[in-house]
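Take a look at the structure set out below.
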Amino acid sequence: MRKLLLVGATMSIAAAAACGGSRAPAGPPPPPFYRPAVALRDVRVAGLGITGGSLDVVLNVWNPNDYGLQSPRVAYRIMTGDVKLGSGVHDSDIFIDGRDSALVSFPVRFTYLSIGRAGREMLEMGTIDYRVLGDIDVDTPYGRFRFPYDRTGRFASLTAMRIPR
């Protein structure tokens, strides 16, 4: 009889523990995450050397959310046609307020060997089309989110901007 009571009490305690007590209170769900809009603001030649050079790439990131985004991590590839000029990851410590935008800039290093055909096109035509693509990770009050971006533009060298006489 004691064994029966002991088994019954153990089962009651186990059932009570399984049904409640350890559940977190239900709160409101976090607001939705709306993907920020990324625009290519500028690509500039920052420097040229014997073996290559560097570009400064500037992206404008618009935050459509009601809360701020911080610490963007930009993974990028810079392409001209099917030629990769450079790639990498850039960590930033900026904060983008809710419903506001901020500029995220990062350097891209390249070698003359890597640009090959794009360099010849630049010398012959004075312009080249380029593409900046990758992913941006941002911290929010509700966790870290990642979203892709893909933008194109046309770079004109100084020789292409000559004023006709």
Side-chain angles (χ1 to χ4, degrees), residues 24 27-165:
F33 175 73
Y34 297 109
R35 181 187 295 186
V38 178
L40 182 60
R41 183 70 173 266
D42 198 10
V43 175
R44 300 182 289 266
V45 174
L48 298 173
I50 295 172
T51 60
S54 64
L55 303 170
D56 283 335
V57 177
V58 181
L59 301 176
N60 186 51
V61 180
W62 163 255
N63 177 10
N65 298 289
D66 290 329
Y67 48 85
L69 305 175
Q70 64 185 31
S71 304
R73 178 178 205 151
V74 180
Y76 61 86
R77 283 188 326 237
I78 311 292
M79 308 287 291
T80 58
D82 59 352
V83 176
K84 181 173 76 172
L85 289 180
S87 63
V89 175
H90 177 74
D91 290 313
S92 177
D93 61 354
I94 66 171
F95 184 83
I96 307 169
D97 286 320
R99 303 207 179 273
D100 199 1
S101 64
L103 298 177
V104 178
S105 62
F106 51 92
V108 177
R109 300 202 191 298
F110 65 90
T111 65
Y112 296 126
L113 291 174
S114 71
I115 61 175
R117 187 180 70 211
R120 285 190 298 278
E121 184 178 330
M122 176 64 106
L123 290 173
E124 293 169 6
M125 309 279 292
T127 63
I128 56 170
D129 292 326
Y130 60 84
R131 181 176 176 201
V132 180
L133 66 151
D135 294 306
I136 297 180
D137 291 87
V138 291
D139 283 328
T140 75
Y142 309 101
R144 192 141 177 97
F145 291 94
R146 173 181 283 177
F147 58 94
Y149 68 94
D150 189 344
R151 298 294 178 261
T152 60
R154 179 176 279 285
F155 179 79
S157 72
L158 294 176
T159 58
M161 293 188 236
R162 286 188 227 159
I163 301 171
R165 294 183 192 197

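Below, each value reflects all heavy atoms present in this structure, side chains not excepted, and no hydrogens, waters or symmetry copies.
- Here S105 pairs with V58 under the side chain to side chain contact (heavy atoms under 4.5 Å, CB included) rule; sequence neighbours left out.
- A search for side chain to side chain donor-acceptor pair (under 3.5 Å) contacts involving N60 returns nothing, not counting sequence neighbours.
- Residues passing the ring pair (Phe, Tyr, Trp, His ring centres under 6.0 Å) test with Y76 are F106, sequence neighbours excluded.
- Remark: R44 engages D42 in a side chain to side chain donor-acceptor pair (under 3.5 Å) (not counting sequence neighbours).
- In this view, V43 and L40, L55, V57, Y130 satisfy the side chain to side chain contact (heavy atoms under 4.5 Å, CB included) rule, not counting sequence neighbours.
- Taking the salt bridge (Lys or Arg N to Asp or Glu O under 4.0 Å) definition, one finds that R41 meets it with nothing, sequence neighbours left out.
- Contacts of D56 classified as salt bridge (Lys or Arg N to Asp or Glu O under 4.0 Å), with partners at least two apart in sequence or in another chain: none.
- Between S54 and P107, every side-chain heavy-atom pair lies at or beyond the 4.5 Å cut-off.
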Please list, one pair per line, the donor and acceptor atoms closer than 3.5 Å that link side chains of residues 93-101 to other protein atoms, with sequence neighbours excluded.
from	atom 1	to	atom 2	distance (Å)
R99	NE	D66	OD1	2.9
R99	NH1	P64	O	3.1
R99	NH2	D66	OD1	3.1

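- For the side chain to side chain donor-acceptor pair (under 3.5 Å) test, no residue two or more places apart in sequence or in another chain qualifies with R35.
- Between the Y112 side chain and the G49 main chain, a donor and an acceptor come within less than 3.5 Å of each other.
- Legend: salt bridge (Lys or Arg N to Asp or Glu O under 4.0 Å) pairs involving residues 73-92, not counting sequence neighbours, sorted by first then second residue: R73-D91, D82-R117.
- No more than 12 heavy atoms of other residues, nucleotides or ligands lie within 6.0 Å of CZ in R109, so this atom counts as exposed by the packing criterion.
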Inset, instruction - Go through the steps for I78 and F110 under the test side chain to side chain contact (heavy atoms under 4.5 Å, CB included), then give the verdict. - result: CA-CA 10 Å; I78 311 292; F110 65 90; over 6 Å; no
Without placing hydrogens or testing angles, list every side-chain donor-acceptor pair under 3.5 Å for residues 133-145, not counting sequence neighbours.
from	atom 1	to	atom 2	distance (Å)
D137	OD1	R146	NE	3.3
D137	OD1	R146	NH2	3.3
D137	OD2	R146	NE	3.2
D139	OD1	R144	NH1	2.8
D139	OD2	R144	NH1	3.2
T140	OG1	Y142	N	3.0
T140	OG1	G143	N	3.2
T140	OG1	G143	O	2.7
R144	NH2	S71	O	3.3
R144	NH2	D137	O	3.4

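- Using a 4.5 Å heavy-atom threshold, the side chains of Y34 and N63 count as separate.
- For T152, the side chain to side chain contact (heavy atoms under 4.5 Å, CB included) test picks out R131, with sequence neighbours left out.
- Inter-residue side-chain proximity for L69 and P36 is flagged as met; some heavy-atom pair is nearer than 4.5 Å.
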